[in-house]
There are 2 protein chains.
Amino acid sequence: MWIMRQGAAPGNDRELRPKQQASAREILDAAATAFSERGYAATSIDDVADVLGCTKGRIYYYYRTKGDLFIGIHLQALEWALEAIGPAAERADLEPAEKLRAMVHQHALHLMNRSSYMGPAQYQIEMNLASEGRSKEAQMTKILEMRRQFEDYYVTVVKEGVAAKVFREADLNLLVKAVLGAVNWMHAWFRPDEPKDSPTERERIAAEIAEFAVRGVLA
Amino acid sequence: MWIMRQGAAPGNDRELRPKQQASAREILDAAATAFSERGYAATSIDDVADVLGCTKGRIYYYYRTKGDLFIGIHLQALEWALEAIGPAAERADLEPAEKLRAMVHQHALHLMNRSSYMGPAQYQIEMNLASEGRSKEAQMTKILEMRRQFEDYYVTVVKEGVAAKVFREADLNLLVKAVLGAVNWMHAWFRPDEPKDSPTERERIAAEIAEFAVRGVLA
DNA sequence: GTCTATAAACGGATAGAC
DNA sequence: GTCTATCCGTTTATAGAC
């Protein structure tokens, strides 16, 4: 992405710098909020600054370009997403159906709990960073690799289920795309600030989506 | 949207004007292609002109603003979408499960056959037309109404299935969102120009997605 | 570190030639 | 009808004050 300036004054190395850390994260949070509300291309750096109640000088101190904000949000969203479904995906004690259910459930919760990060992360990065040329190829590769790893978790569990004859025999990748669609489409309709919204409501939604997905692949 | 200039010269009313008609449609097609590739906000009018191999003067002759192109694409996409699932939705001779299967099948085919129009039509219109102020409220209302009608087709069939005890009793709207997600998410992974792509392959994909969706709601 | 001011480029839209 | 030239607001990004 680009390395955050650390202000490495001599003799200052061991000093705590909580403010700087906080600011970089606050900026990423603000960018995620702004991007999720208006879309990446339609959001200006001034819009992000407005969310923070500051001016863009602050943002450019921590992030060199707008594209870096986008990449930072993607990387964070995917890191969290892998953390969300990884533990369930790697449990050896679960039958394929229950493992898939747990993965979709955690995936859905993650989407709701981090909607500002996950919304922007759904965009096609190639599309949005086309103007950046080849300058961010390394990070884009990293993002695509994380996406592939995330999808592989699903491919693996569905493959297990088909092998065990508990999931029906069908185009493996297509089944996974259908499952992913049922979950990822939440970004189009879930609104975190609705009056009905609450932790228990989110659990209910996650459980229903998981039930739908599991039944969709069951033999 | 805005009315296409008709060049209503006196005594010229009955004359065929195939060229003008073709141009307005060609421009909408080009805009759909460009928007579907780069996103609405990131696409300039010059980009659209490039697709046509002309300059933007031609585009502005037929469409007053960029937002009008966006709205025109939405209206066309939704008109086709309603035509795609309407006949199946209104068939009285089908059981809920088979009706839902037919609807999803046609919906999926439509998404693939008109992917350049359907991709842009997935965007949140409020988000993308926010800058247009109140000037396009009538058309935005029309679009939202068509979307509601489209979703209502699904709500109705799922309600029928639940009443007939062939679909499981669950949050009706959530079931519909899950079904819509499985289908609509296709825009994220389906590529019309892939080597494997063909009419029979599209039929196969549509059938698989429909199977997944029907099983997801079955009791 | 954060702000203000500004450079430089881009993009939507219009005017007018042809 | 389509093109060229251009206006003008917006936006990314930088320079330099504090």
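Just so it is clear: chains get the letters A, B, ... in the order the sequence lines come, proteins before strands, and each one is counted from 1.
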Which donor-acceptor pairs under 3.5 Å do side chains of residues 47-55 of chain B form with protein atoms, sequence neighbours excluded?
{"from": "B:Asp47", "atom 1": "OD2", "to": "B:Ser44", "atom 2": "N", "distance (Å)": "2.9"}
{"from": "B:Asp47", "atom 1": "OD2", "to": "B:Ser44", "atom 2": "OG", "distance (Å)": "3.3"}

- B/S/- contact track for nucleotides 4-18 of chain C, protein heavy atom under 4.0 Å: B------SBBB----
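- Between D:dC3 and B:Tyr61, no contact under 4.0 Å exists linking OP1 or OP2 to a side-chain N or O.
- Under the 4.5 Å side-chain criterion, counting only non-hydrogen atoms from C-beta, B:Leu144 is not in contact with B:Arg148.
- Pairs engaging residues 35-59 of chain A under the ring pair (Phe, Tyr, Trp, His ring centres under 6.0 Å) rule: A:Phe35-A:Tyr40, A:Tyr40-A:Phe70 [sequence neighbours left out].
- Rounded to a whole Å, the CD1 atom of B:Ile59 is 15 Å from the C1' atom of D:dT4.
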Below 3.5 Å, can you tabulate the donor-acceptor pairs from side chains in residues 74-90 of chain B to any protein atom, sequence neighbours excluded?
{"from": "B:Gln76", "atom 1": "OE1", "to": "B:Arg25", "atom 2": "NH2", "distance (Å)": "2.8"}
{"from": "B:Glu90", "atom 1": "OE2", "to": "B:Tyr153", "atom 2": "OH", "distance (Å)": "3.1"}

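- Nucleotide D:dT12 holds its C1' atom 20 Å from the OH atom of A:Tyr62, rounded to whole Å.
- Residues that satisfy the salt bridge (charged side-chain N to carboxylate O under 4.0 Å, His left out) test with B:Asp29, not counting sequence neighbours, are absent from this structure.
- At whole-Å resolution of the value, CZ in B:Arg58 and P in D:dT2 are 5 Å apart.
- Every side chain to side chain contact (heavy atoms under 4.5 Å, CB included) that A:Ser116 has, sequence neighbours left out, goes to A:Ala32, A:Thr33, A:Ser36.
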